Every structure is written in C-alpha cells, then in structure tokens.
Amino acid sequence: MAKVLKIRDLSLRDGQQSSFATRMTQEQINRCLPYYKDAGFYAMEVWGGAVPDSVMRYLGENPWTRLESIHKEIGDISKLTALSRGRNLFGYAPYTDEIIDGFCRNAIQSGLGIMRIFDALNDVDNVKSTIKYVKQYGGIADCAVCYTVDPKYPQPTFWQRLMGKKAPQPVFTDEYFLDKAKQMAALGADMITLKDMSGLIPPQRISKLVKLFKQHINLPVDFHTHSTPGYGLASVYAAIAAGVDVVDTNCWWFGGGTGAPALELVYIFCKKMGIEVGANMEAVAKINEQLKVIRKELELSVFGVEKPLHKPFDPLAPLSAEVDALFNDAVKAAKAEDFDALLQYSQAIEAHFGFPAPNELVQKAEIPGGMYSNMVAQLKQLKAEDILPRAMELIPSVRLSAGLPPLVTPTSQIVGAQAVNCALDEKAGREMYTNKSSQFVGLVKGEYGHTPVKIDPEFRFKICGVREEIPYDTSKYTMQPNPILEEAGGVRLAENEKEMLLLELFPLVAKNYLTNVKKKAYEAKVAAEQAEQEKVKATEQAKAAEAKKAAEAAKVVAQPITGNVVEAPLPGRILEILVKVGDEVKIGQAVVVLEAMKMENSITSNYHGKVKQILISEGEAVAANAAMIEIE
C-alpha cells in the first residue's frame, strides 16, 4: 500500500469540461492560480481535451496563451498535464509525425510537464509517435489504457442456439487491459493510467486491475474515473487500498456528479488509512472559495440558471459523528475487500453531502454519460426524441459491427451518431446504414487503427465498398490552406508554427478564430493610424470601410428554382461544396459535405443534370430539408 498518495487535480480541465461545458475563461482561471501554487498538487490537468477547441470557439482566447500563462504562475511546483488522443491529437483524422512532433515540442516548451496519451481503440500503434516526441522534448509520457465493457448483447433465442449460434465471447478481460499496459510500457511509457472515462468500473474490478498492473509493470499507476453511474468514489477508495500511486480528483465545488470524485472525500479516507495526501488542504480551501463563485458564474452563462449546490465541507474541521462513522465503515470495508459494503458506504457519504445521485440509466446502459446526452441533444435537434429507446438498443450491434471500439471520444460519438442514423433509417423504412457519417466509414475502413475485434469483410464492403482493412495513409495528408487575409492587411491566416498547428488540429474553428484575431489587430492598427490623420481623410476611409463591409455582407439573390433540388437531410453546417455552377452531376455523386452531430456527411445527388445554381455557402448553418443545389 502506498504511504503517500499523489493527487492530479482535474478542476481546470476535465472538471470544468465534465460539468460546465469547458467555458472557464482565462480571467476565471487566473483567480485560482495563486492558491494552486500553494496547494502543491503533484499534477494539474489544465490543457488538452476540449480546452483548445472551446477557448477558441466560445471564448475567443488563444489555447497556447492559456497553457503559458498557467505555467508562468505555477512554474514547476505542479506538473501541468494535458490529454491527447495519440495520433489523432484532438481531431478525428490521424496526423503525420511532423505535426505530432511540432505539437509535442511546442506544448512542452509552453510549460507542459505530462502528456496523457490515449487511443480511442486502445491501438498501441497509435500512441508510438506521441510517446517518442514527448520524451524527446523532456516531457513525461503518461499512457492511458481506456477502460470499457463488453456490450449487453441480446441473448440467442432457443432456435438460434439450436442452430449453433452463440453469444459473442468477452473481449475486455483483465488480461486484455494488462496486455495493453505492458505494450505501452515496452514503448517507453513513464507512467500508466487506467482511464475510466465513463465511470463504469466497479470497486472490485479496479482493485484487481491495480494489483495486476503493480505486479507486472514497474511504473507508477494512476486511476482516472467519473462519478456519473455511482461507482466513482468507492472505486477510488478501492484503488487506493490496492496501492495505486496517483488518483485524479476535483476540488469540492467541481467534484462528484459527472466529474471525478471530490478530493476532500479522498483526503479523509486516506487520513484514516494512514496514507499521506500530497496536497496542502488549507490552500485547497482557498481554491474552493474561488471555484464556488466561478461555478455560479458558469452555470448562469452556460445553463441560464444556478443548479443546487451540495453542502460545504471543511475536511480539516472535526467530523460529525454520523460522517465519521460512515468513513470508518468505508475504511473497514476497503481493508476487508468487502466491495459491496464499500460501494454502499461511499454512496452514503456522497448522499450525506448532497452530491448528485447515481445515474442509473447510464449505469444500466453502460455508455458514457456524455455520449447519452449527445444522443439526446441530437434527437431533440432532429425533433425525433421518440426513437431514443431504439437508438440505445442499436448501440451494441452497431458497436460490434464496427469492431467493438471502446466508447471514448471520438469513437463514442461515432458509434452513438451512427446508432441514431440507423434508428432514423429504420423509422423511415430505409435499410439501416443508408445514412452513415464519413467518420463511421473511416472507422470501419480502418483509418482510425486496429479495432479490438476484426470487422466482417462483408460489412466493411457494405459500408466502405472494400473488403480489406485500409489504414489511413499519412503520406497523402495535405496541410490546411493558409491564405493571405486581405481584409486583415495582407497577413497570413497562420503566421507562426503555433498558429499553423491550431489550423491543422481545428481547421474550421481555428480559421474563424485566427481570422477574427487578425482582423481585430488590423482594425486596431488602422484605427490608431486614422486617429493621427486629418479629419477629412479619416472620414473618407471610414466611409470606404463601411462600403466594403456592406459589399461583403451583400448576398446574391437566388434565381427562381425550376429544376430538381438537393436538400439537406438533417440540420448542420456546410463544410465544403464539391461542385460549381455548370458542372454535370450524376446520380449518387457527392455534391456537399455537411457537418451534423459532429460528424461529416457526404450528401449525394438524386438527380442527373447540370448545376443551375448553388443556394448555400461554405460555413453556413442550414436547417433540415434546406435547398442546397439546384440541378436541371
């Protein structure tokens, strides 16, 4: 058993992402940093995941500035950590070694200490390059094994069993996870994380896995989980009792619920177990004073309403008799490896303080809470909430057909969106898989890597038109366009390596963000110059600028539609228009790429003829059944 437990605080990344849609501003982060400096956590997760995308998309802030400013304040007191998806980094496409190299180098130079690297398929080949470059530039390679469970398949009927059909055999065994960890250790991993992104691992399973990992791998072991289905706190306690080296927690006001368990509840448990927690709890209390205010600000800005708070708690004050007894019972159960009792007492502790009750739907469905909420949101957008039960039923079969990928970003979104598509196909009387996202096609083709089980060649042919697995060929990767922005004084969209990396990793979001930044900078420069010029000249320039803006904003009035129209099958954003006016189009030819439900969908023509007019523009949001292309 470990005598000192290291803490990785997740509040500023996974904590705010899990509960508050990753909307913490730099100003809110800055309020907390002086106290984090005093808290002395082993590590602070502050970057990666959805942070780089969200700070550009919603806050208009620079992701690199976020990392650099935190490092400037914290220094080397706590290791700053980020989460990345192996060869995919933050996106959906595998990247070349050149991009992975540049990303790792710049991240570490900007203050990153630990890169947590995972692959959505647990395909170890996909983490090799990131391990290599993180270590090359002096960072710590924290390799994560993604925990997942086998689906609950419908059991074969009596007649199916009579004909020899059997239920699929378990894939995600203890040996499976240990083997992945061993492979990562052999590649040079500096530490191993058991990453339970869905909170589905019960205390008895994590206890066994931690002991296996400690027995067979001579590396520090970290445990990451969430509280959504109700196992989180008990599983953290079981991992600690089993000798885990590091656990991931959130500070009190960001703890529990959809996030990781609260640090304060871990502190009390460890104190009673005789284990020292590597954190200054007086400084943590000051962090919580800030987070309580920030939580209310985030709830109002993100949800429009404040949610009920759980009770305040000072872990340094004497415990009430009731709470003290619950912790004593939890410690006793953990030592005795009575995991049912441990779960009971752990949930009673959280209930006492008013944390959200276990989400039984997520627990029974055994899918990530975020995946479920995404499916609900997508179906509400499509006004098709009635098919949710059927979409949930289809997840195991869709997942198995696609090679049984673990349900973690991005494969959870890919499988969930495809289950929705299949349910919509079924409802409309179409054959399932009539509508499929580009990402699902890529997953089945093999572009994301090797799936845990082999995909049926006939299913691959049905989805992709090929029977053999075809890996993504990074030699054919093309860099994103980097145009000159005339509207921003003739500067490049990306003017340095960090900006180029943002453009590669987040093409559409970074393009909008960088364009706005360059335009604002140019406009500020022009404004400063105009202030020094004569009044008449300044007025003329202002009129010219207004005329130019008016011209840019003017839209071409579409001609009356007389031909056949290609419509949007579902609401989304136009990523790319593949034809131009005058082109000859064949039936089945792709004419538009539509982003819907975070997936790219190739929209094909049902008509043969010539493109008369294009009724949409790239980047435009369109509603379901919106007219896009007229063909005559």
Side-chain angles (χ1 to χ4, degrees), residues 22 25-27 29-30 46-72 80 82 84 88-112 115 129-130 133-134 136-139 474 477-532 541 544-545 548-549 552-553 573 575-576 617-619:
T22 328
T25 65
Q26 187 65 54
E27 184 276 331
I29 295 280
N30 290 344
V46 298
W47 211 58
V51 164
D53 180 298
S54 291
V55 299
M56 289 190 291
R57 185 192 297 261
Y58 301 112
L59 307 178
E61 297 179 359
N62 189 317
W64 295 106
T65 301
R66 165 120 353 157
L67 178 58
E68 290 160 359
S69 62
I70 294 174
H71 182 253
K72 183 178 180 180
L80 303 186
S84 73
N88 294 84
L89 295 177
F90 301 114
Y92 287 90
Y95 291 100
T96 63
D97 272 20
E98 179 184 11
I99 292 173
I100 297 173
D101 182 344
F103 168 74
C104 294
R105 173 167 35 82
N106 280 278
I108 290 167
Q109 288 175 353
S110 295
L112 193 73
M115 183 74 79
S129 293
T130 311
Y133 293 118
V134 166
Q136 179 176 319
Y137 296 113
T474 55
Y477 182 88
T478 56
M479 300 286 283
Q480 293 295 319
N482 188 17
I484 292 175
L485 300 178
E486 298 296 345
E487 69 271 35
V491 299
R492 287 281 180 188
L493 176 63
E495 297 180 275
N496 55 53
E497 188 179 24
K498 288 181 178 178
E499 291 181 345
M500 289 178 67
L501 286 165
L502 293 179
L503 196 58
E504 292 303 314
L505 300 177
F506 313 96
L508 187 60
V509 173
K511 179 182 178 182
N512 293 336
Y513 166 73
L514 292 172
T515 298
N516 290 335
V517 167
K518 302 302 165 66
K519 286 176 68 176
K520 287 180 180 178
Y522 176 65
E523 288 166 1
K525 178 182 177 183
V526 170
E529 292 173 350
Q530 288 177 337
E532 298 176 359
Q541 288 177 335
K548 183 178 179 181
K549 290 179 181 179
E552 291 174 350
R573 185 177 299 278
L575 288 184
E576 188 176 0
S617 59
E618 291 183 356

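Keep in mind that this is a model prediction, so the values were computed, not measured.
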For [X] versus [Y], what's the shortest heavy-atom pair and its separation?
X: A82; Y: G48; value: CB-N, 4.0 Å
X: C104; Y: V134; value: SG-CG2, 3.8 Å
X: A494; Y: L503; value: CB-CD2, 4.3 Å
X: L493; Y: E499; value: O-OE1, 4.0 Å
X: S129; Y: I100; value: CB-CD1, 4.0 Å
X: Y95; Y: N88; value: CE1-O, 3.2 Å

* For the pair Y133 and I108, evaluate side chain to side chain contact (heavy atoms under 4.5 Å, CB included) and give the outcome as yes or no after the intermediate values. => CA-CA 10 Å; Y133 293 118; I108 290 167; over 6 Å; no

Any side-chain heavy-atom pair of [X] and [Y] under 4.5 Å:
X: N62; Y: Y513; value: yes
X: F506; Y: M56; value: yes
X: T130; Y: S84; value: yes
X: R492; Y: L485; value: no

* Trace of the side chain to side chain contact (heavy atoms under 4.5 Å, CB included) decision for V46 with L67 -> CA-CA 7 Å; V46 298; L67 178 58; 4.2 Å; yes

* Interatomic spacing from CD1 in I99 to CD in E497 - rounded to 0.5 Å -> 10.5 Å

* Structure fact -> When rounded to the nearest 0.5 Å, the distance separating OG of S110 from CG of L80 is 10.5 Å

* To do: May I ask you to check whether over 12 heavy atoms, not counting those of E98, lie within 6.0 Å of atom CD?
  => no

* **Over 12 foreign heavy atoms within 6.0 Å of CE, M500** => no

* May I have the step-by-step check of side-chain hydrogen bond (donor to acceptor under 3.5 Å, both in side chains) for Q26 and S69, ending in yes or no? => CA-CA 9 Å; Q26 187 65 54; S69 62; 2.9 Å; yes

* side-chain contact (heavy atoms from CB on, under 4.5 Å) partner of N512, the single match among L508, L514, V509, T515 -> L508

* With sequence neighbours left out, what residues match E495 under salt bridge (Lys or Arg N to Asp or Glu O under 4.0 Å)? -> K518

* With sequence neighbours excluded, what pairs up with E68 under the salt bridge (Lys or Arg N to Asp or Glu O under 4.0 Å) test? -> K498

Quick one: does [X]'s side chain have a donor or acceptor within less than 3.5 Å of a partner on [Y]'s backbone?
X: W47; Y: P63; answer: yes
X: E61; Y: R66; answer: no
X: E504; Y: M479; answer: no
X: Y58; Y: T22; answer: no

* To do: Compute the ring centroids of F103 and F90, then answer whether they are less than 6.0 Å apart.
  => yes

* **Non-neighbouring partners of Y522 that pass ring pair (Phe, Tyr, Trp, His ring centres under 6.0 Å), sequence neighbours left out** => none

